[in-house]
K.L.:
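Have a look at this one before I ask anything.
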Amino acid sequence: MDVHFDGRSIRSRDDFYAEIERIEGVPDWFGRNLDALFDLVVAVLPGPLTIHWSHAEVSADAMGPDFDIVTGVLRDAEGEPRSRFKLRLSEGVTHEFRE
């Protein structure tokens, strides 16, 4: 499943979690915390799952350290051996995503 986030609308951790909650299959009991995020993308949502986050630089500027924290958790999830999750970040409106 491919999911697309527009970084221009993700300006806080709450905005990020709101985007996560819009993904088909996210359970009502999803907790808005980093541990729940990791578990969600690694073990709860069916894979393969790729989040394409365009305008990531806008989110990074607005979110400050929270951007690095959230993307760090998502990168850790990518590295999990059983994971079928990928994160692709892009700047601006291009569709070239960074690994």
Side-chain angles (χ1 to χ4, degrees):
M1 168 174 35
D2 288 323
V3 178
H4 298 271
F5 290 175
D6 185 336
R8 295 172 293 187
S9 64
I10 302 174
R11 306 187 63 75
S12 68
R13 199 182 292 199
D14 282 339
D15 292 343
F16 171 77
Y17 285 132
E19 288 296 316
I20 288 291
E21 290 170 338
R22 288 186 185 102
I23 298 173
E24 183 178 331
V26 172
D28 292 339
W29 49 261
F30 170 68
R32 288 179 157 223
N33 63 67
L34 300 172
D35 289 334
L37 175 63
F38 182 91
D39 292 343
L40 181 74
V41 299
V42 170
V44 175
L45 293 175
L49 169 64
T50 302
I51 293 176
H52 300 275
W53 191 336
S54 65
H55 300 281
E57 78 285 1
V58 176
S59 294
D61 288 343
M63 293 175 69
D66 277 345
F67 179 83
D68 292 331
I69 292 168
V70 166
T71 56
V73 167
L74 295 174
R75 293 292 186 209
D76 288 347
E78 279 184 306
E80 182 67 24
R82 68 179 191 255
S83 177
R84 296 179 63 203
F85 170 74
K86 298 287 181 200
L87 175 65
R88 300 291 178 256
L89 302 175
S90 71
E91 296 181 3
V93 295
T94 66
H95 293 291
E96 296 178 21
F97 294 92
R98 291 186 275 159
E99 296 283 327

K.L.:
Closest heavy-atom contact between Leu40 and Pro27?
P.N.:
CD1-CD, 3.8 Å
K.L.:
Do Phe16 and Asp66 have side-chain heavy atoms sitting under 4.5 Å apart?
P.N.:
no
K.L.:
Verify, without hydrogens or angle tests, whether Glu78 (side chain) and Leu87 (backbone) share a donor-acceptor contact under 3.5 angstrom.
P.N.:
yes
K.L.:
Would Val44 and Val26 count as a side-chain contact (heavy atoms from CB on, under 4.5 Å) here? Give the steps.
P.N.:
CA-CA 8 Å; Val44 175; Val26 172; over 6 Å; no
K.L.:
Do Leu74 and Phe30 belong to the same hydrophobic cluster, where Ile, Leu, Val, Met, Phe, Trp and Tyr are linked whenever their side-chain heavy atoms lie under 4.5 Å apart, directly or via other members?
P.N.:
yes
K.L.:
Got a second to check how far Ser59's OG is from Asp6's CG, nearest 0.5 Å?
P.N.:
8.0 Å
K.L.:
Should the pair Asp61-Arg11 be classified as a salt bridge under the 4.0 Å nitrogen-to-oxygen rule?
P.N.:
no
K.L.:
Within the 4.5 Å heavy-atom criterion, are Ile51 and Arg88 side-chain neighbours or not?
P.N.:
no
K.L.:
Do Arg84 side-chain atoms and Gly47 backbone N/O form a donor-acceptor pair below 3.5 Å?
P.N.:
yes
K.L.:
Stepwise, does the side-chain contact (heavy atoms from CB on, under 4.5 Å) test hold for Arg82 with Val42?
P.N.:
CA-CA 7 Å; Arg82 68 179 191 255; Val42 170; 3.4 Å; yes
K.L.:
Is any side-chain heavy atom of Ile10 closer than 4.5 Å to a side-chain heavy atom of Glu19?
P.N.:
yes
K.L.:
Does the side chain of Glu21 reach to within under 4.5 Å of the side chain of Arg32, using non-hydrogen atoms?
P.N.:
yes
K.L.:
Using every non-hydrogen atom in the two residues, find where Tyr17 and Asn33 come nearest and quote the distance to one decimal.
P.N.:
OH-C, 3.2 Å
K.L.:
How far does CG of Leu49 sit from CE of Met1, to the nearest 0.5 angstrom?
P.N.:
5.0 Å
K.L.:
In Å and rounded to the nearest 0.5 Å, what is the CG to CG distance from Leu34 to Asp39?
P.N.:
11.0 Å
K.L.:
Flag the pair Arg8 and Glu57 as a salt bridge only when some basic side-chain nitrogen lies within less than 4.0 angstrom of an acidic carboxylate oxygen.
P.N.:
no
K.L.:
Please determine whether side-chain hydrogen bond (donor to acceptor under 3.5 Å, both in side chains) holds for the pair Trp53 and Ser90, giving the CA-CA distance in whole Å, both sets of side-chain angles, and the decisive distance to 0.1 Å.
P.N.:
CA-CA 6 Å; Trp53 191 336; Ser90 71; over 6 Å; no
K.L.:
In this structure, would Phe85 and Ile69 fall into the same cluster of hydrophobic residues linked by side-chain contacts under 4.5 Å?
P.N.:
yes
K.L.:
If we ignore hydrogens and angles and just use 3.5 Å, is the side chain of Thr71 paired with the main-chain N or O of Phe67 as donor and acceptor?
P.N.:
yes
K.L.:
Do side-chain atoms of Thr50 reach the backbone of Asp2 as a donor and acceptor pair under 3.5 angstrom?
P.N.:
no
K.L.:
Any side-chain heavy-atom pair from Glu80 and Phe38 closer than 4.5 angstrom?
P.N.:
yes
